[in-house]
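Below is one structure, written out as structure tokens; the observations come after it.
We use all heavy atoms of the structure for the numbers below, so side chains are in, but hydrogens, waters and symmetry mates are not. By convention in this document, chain letters (A, B, ...) are assigned in the order of the sequence lines, proteins followed by strands, and residues within each chain are numbered from 1. Keep in mind the model is a prediction, meaning the values are calculated, not measured.
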2 protein chains.
Amino acid sequence: MNVVNESPRRKELTRLAAQLFVQEGFDRTTVRMLAQEMGIKSGSLFHHFRDKQEILAAVIEEGTQNALTLARQALEECGESASERLHAMARAHLETLLTDRNAHVVALYEWRRLDPAARDHLSHLRDAYEELWERVIDEALAAGLIHGDRFLVSRFVMGALNWTVRWYDPEGPRKPEDLARELVAMIAPATHPRPGLSTKV
Amino acid sequence: MNVVNESPRRKELTRLAAQLFVQEGFDRTTVRMLAQEMGIKSGSLFHHFRDKQEILAAVIEEGTQNALTLARQALEECGESASERLHAMARAHLETLLTDRNAHVVALYEWRRLDPAARDHLSHLRDAYEELWERVIDEALAAGLIHGDRFLVSRFVMGALNWTVRWYDPEGPRKPEDLARELVAMIAPATHPRPGLSTKV
DNA sequence: GGTTTACACTAGCGCTTGCTTGGTTGATCT
DNA sequence: AGATCAACCAAGCAAGCGCTAGTGTAAACC
């Protein structure tokens, strides 16, 4: 009966669920609401997902997987300099938030609702993504592009970026590219530092 | 019966509610859980609050009010230079998150659960707080301490600061003071710029 | 042609939810 | 001594919750 595979139908249902989870929050979204949005009856929902928890896990897995793929691709395609790589990561992050917004908002704000098993499984994906960031931050620090505590800097940057989902308007004049440029400029005023330049911290 | 005043008992109950809301989230926190934490029966709870919504509003109002008071005080006590004022605001913000953490986490993450009436009332408080920030950011921009788009910079800074509630460990070695210093250093490398110095953006 | 599979349906069980009702208690005030 | 009042309780209602059981059906497979 209940399938755990990756059927296209399930993917579509997951996308719809993400939208509702963002609109209402996970707890307030009932299986009946989900079913209606999907055009089926609530009982039929459990043919695709074992339980409500599994829908949440599917949404978050989808979003995180996409973000990871996009970030890796961006790092491969960009230049070698620390500032280019920093910019590429910031831009990829923001573009993911734009194109795949629902899944990411859910991942950020409903993570606590995952049961321990799902959380354990998905935290590996998330760690992989955060490792990409820490590596790029390390490179920027080593190149003298930015200064300060590695741990703090990376968390400040992640905070600034993740917070965008609360105010960013995709219809507005500012594009992800613009935001990424502005952020890098803010924390690394000299965008093309001479390699090996050391600055007092 | 139902009182809307500010009795000390109600304040204490609000504090307990904030703690539960952080632990479980607003939706998952039942009135029975709240009552048990408060050492009363669920029915008695409605003597102090009209409904569950009003408890949420009370928690958020309390937290935002404190933050506003603390920020104003910090700005009065600190020096006049842009970097000092920026640092004072960052520090006040982080200290509030530390000493009054529960209420602030609720304000940040359960805002959507407020009904329109409460949201309208509380948004004025929040706007007053954010105006303080925008003014300080403006001063820093005018002094050449930081550069860039006023709108984007203030939101990046708020994001970096608010995100701290997700990773900051009050028991750890880093104090709010340290975080504030590091953040200001990150976005304003020259902490004591000559007044009137203009820099190419 | 019979069996399997994928997907949907109806009906409803057992439980929890926010909140109400009607009443009791003990301290404070006049 | 009587009145007042905040604070609390026991009991329970109506609605909504996640989820299950059992069935129908059309296409796909052997």
Side-chain angles (χ1 to χ4, degrees), chain A residues 1-60 106 110 112-119, chain B residues 1-60 106 110 112-119:
Chain A
M1 302 288 189
N2 298 326
V3 208
V4 200
N5 69 3
E6 293 288 321
S7 73
R9 179 81 177 126
R10 189 176 142 121
K11 275 221 165 165
E12 170 66 5
L13 298 182
T14 302
R15 207 183 53 78
L16 289 168
Q19 190 186 333
L20 259 182
F21 286 163
V22 169
Q23 249 176 59
E24 306 286 331
F26 176 70
D27 290 322
R28 282 182 119 83
T29 305
T30 68
V31 295
R32 286 167 177 84
M33 290 163 68
L34 286 165
Q36 188 172 30
E37 192 78 11
M38 296 165 178
I40 58 180
K41 299 294 173 184
S42 71
S44 313
L45 211 157
F46 295 91
H47 171 75
H48 301 279
F49 304 91
R50 195 186 330 269
D51 52 25
K52 198 185 165 192
Q53 270 284 328
E54 198 180 276
I55 310 180
L56 177 61
V59 167
I60 294 183
V106 173
E110 308 285 358
R112 300 152 31 98
R113 305 291 158 237
L114 290 169
D115 59 30
R119 199 181 325 209
Chain B
M1 305 284 188
N2 296 326
V3 207
V4 200
N5 68 2
E6 292 289 322
S7 72
R9 179 79 176 129
R10 190 176 142 123
K11 275 221 165 166
E12 170 65 7
L13 298 181
T14 303
R15 207 184 52 79
L16 289 168
Q19 189 186 334
L20 258 182
F21 287 163
V22 169
Q23 248 177 59
E24 306 287 331
F26 176 70
D27 290 322
R28 283 182 115 85
T29 305
T30 69
V31 295
R32 285 166 180 81
M33 290 162 68
L34 286 166
Q36 188 173 32
E37 193 77 11
M38 297 167 179
I40 57 179
K41 299 295 172 183
S42 72
S44 314
L45 211 157
F46 295 91
H47 170 75
H48 301 279
F49 303 92
R50 197 188 328 271
D51 53 23
K52 196 185 166 192
Q53 271 283 329
E54 200 180 274
I55 309 180
L56 178 60
V59 168
I60 295 184
V106 173
E110 309 285 358
R112 299 152 32 98
R113 303 291 159 239
L114 289 169
D115 59 29
R119 200 181 326 208

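Within the structure, side-chain hydrogen bond (donor to acceptor under 3.5 Å, both in side chains) contacts touching residues 31-42 of chain A (residues at least two apart or in different chains) do not occur.
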Using a cutoff of under 3.5 Å, can you pull out all pairs of nitrogen or oxygen atoms linking the protein to nucleotides 16-19 of chain C, with atom names and distances?
residue: C:dG18; atom: OP1; partner: B:T29; partner atom: O; Å: 3.4
residue: C:dG18; atom: OP1; partner: B:K52; partner atom: NZ; Å: 2.9
residue: C:dG18; atom: OP2; partner: B:V31; partner atom: N; Å: 3.0
residue: C:dG18; atom: N7; partner: B:R32; partner atom: NH1; Å: 3.0
residue: C:dG18; atom: O6; partner: B:R32; partner atom: NH2; Å: 3.0
residue: C:dC19; atom: OP2; partner: B:K52; partner atom: N; Å: 2.8

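Evaluation of the side-chain hydrogen bond (donor to acceptor under 3.5 Å, both in side chains) rule for A:E12 yields A:R15 as partners, not counting sequence neighbours. The side chain to side chain contact (heavy atoms under 4.5 Å, CB included) search around A:A17 returns A:F21, A:L34, A:M38, A:I55, A:V59, not counting sequence neighbours. In this structure, the side chain to side chain contact (heavy atoms under 4.5 Å, CB included) partners of A:E24, at least two apart in sequence or on a different chain, are A:L20, A:R28, A:T29, A:M33. By the side chain to side chain contact (heavy atoms under 4.5 Å, CB included) test, B:R119 pairs with B:W111, B:L114, sequence neighbours left out.
Following rounding to the nearest Å, B:R9 (CZ) and D:dA6 (C1') show an atom-to-atom distance of 11 Å. Rounded to an integer number of Å, the gap from CZ of B:F49 to C1' of D:dA6 is 14 Å. A straight line from CG of A:L45 to P of C:dC9 spans 11 Å, rounded to a whole angstrom. As rounded to whole Å, 13 Å separates atom P of D:dA7 from atom CD of B:E12.
The shortest distance between the side-chain N/O atoms of B:H47 and the OP1/OP2 oxygens of D:dA7 is below 4.0 Å. OP1 or OP2 of C:dC7 has not a single side-chain nitrogen or oxygen of A:S44 nearer than 4.0 Å. Residue A:H48 places none of its side-chain N or O atoms closer than 4.0 Å to OP1 or OP2 of C:dA6.
Side-chain contact between A:D27 and B:F26 is absent, with no heavy atoms from C-beta onward closer than 4.5 Å.
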